[in-house]
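Heads up: the structure comes next, in structure tokens.
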Amino acid sequence: MELSFDEAVRASDDGVLFTDLAANRSIEAAAGQRFSPAVLTEVGADLTENWLFDAAKATGDAEPPEDVAVIVIEATKAYSFRKAMNSLWNQVWWEDWWYDEVDGGVARWKAGDPALERLKIAWVLISTEK
């Protein structure tokens, strides 16, 4: 909460007036990881949605474990991997991304519309500027 408040004050001081800009501004955690509130919210919602979808299909009558921390960590890893694969699939299906291997065995993941991708990257850079 303190990080969010501090970032909101910085954004306001920088003249940020739109919520989407504030939600996409980068926050640095204590260990140096960088993320935005929008990404944190999206990932949390996706993980919860996936878990609920799987839980609704689950069967069994085993008692839940007393310590669910290990299960939560493993489930988060699995659902994060699923989310990453889904993001790649969406890039291929909706944005026409494709795999390209050039001389020397260098592999590239290329945008179907490079101009649109540059625009999206520029928007993120502008919205995360300090």
Side-chain angles (χ1 to χ4, degrees):
M1 292 303 293
E2 288 176 24
L3 285 172
S4 178
F5 178 77
D6 291 347
E7 191 58 34
V9 169
R10 276 194 293 276
S12 177
D13 291 346
D14 290 346
V16 175
L17 303 175
F18 301 101
T19 306
D20 64 332
L21 284 176
N24 284 299
R25 291 188 63 113
S26 185
I27 296 173
E28 185 170 343
Q33 307 98 324
R34 297 195 66 81
F35 60 91
S36 71
V39 167
L40 184 62
T41 302
E42 179 185 359
V43 168
D46 284 346
L47 291 176
T48 303
E49 179 184 32
N50 281 297
W51 176 80
L52 289 172
F53 181 79
D54 287 349
K57 296 187 308 179
T59 61
D61 56 4
E63 290 293 318
E66 288 189 28
D67 182 11
V68 296
V70 173
I71 294 171
V72 169
I73 291 168
E74 291 305 313
T76 300
K77 288 178 186 176
Y79 291 128
S80 294
F81 180 75
R82 185 187 294 179
K83 171 66 175 169
M85 294 295 100
N86 181 260
S87 295
L88 290 173
W89 172 255
N90 286 336
Q91 284 180 327
V92 169
W93 188 253
W94 300 109
E95 299 175 29
D96 198 29
W97 281 62
W98 50 285
Y99 175 83
D100 184 31
E101 190 171 320
V102 295
D103 294 336
V106 176
R108 296 184 178 150
W109 189 237
K110 296 181 112 177
D113 185 346
L116 176 61
E117 193 58 26
R118 282 191 297 274
L119 182 63
K120 289 195 287 187
I121 290 169
W123 177 255
V124 170
L125 291 173
I126 289 169
S127 67
T128 58
E129 252 182 20
K130 288 189 174 186

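In this text the structure is predicted, and so the values were computed from the model without any measurement.
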Partners meeting side-chain contact (heavy atoms from CB on, under 4.5 Å) with W109 (sequence neighbours left out): L88, Q91, V92, W97, Y99

Y79/R82 under side chain to side chain contact (heavy atoms under 4.5 Å, CB included): CA gap, chis, key distance, verdict: CA-CA 5 Å; Y79 291 128; R82 185 187 294 179; 3.7 Å; yes

Set of residues satisfying salt bridge (charged side-chain N to carboxylate O under 4.0 Å, His left out) with respect to D100, sequence neighbours excluded: K110

Common cluster, I73/V43, ILVMFWY with side-chain heavy-atom separation under 4.5 Å: no

Heavy atoms from other residues, nucleotides or ligands near CD of E95 exceed 12 (cutoff 6.0 Å): yes

Criterion side chain to side chain contact (heavy atoms under 4.5 Å, CB included) on K57 and F53, from CA distance to verdict: CA-CA 7 Å; K57 296 187 308 179; F53 181 79; 3.4 Å; yes

Side-chain heavy-atom pair F81, M85 within 4.5 angstrom cut-off: yes

D46 versus N50, side-chain donor and acceptor atoms under 3.5 Å: no

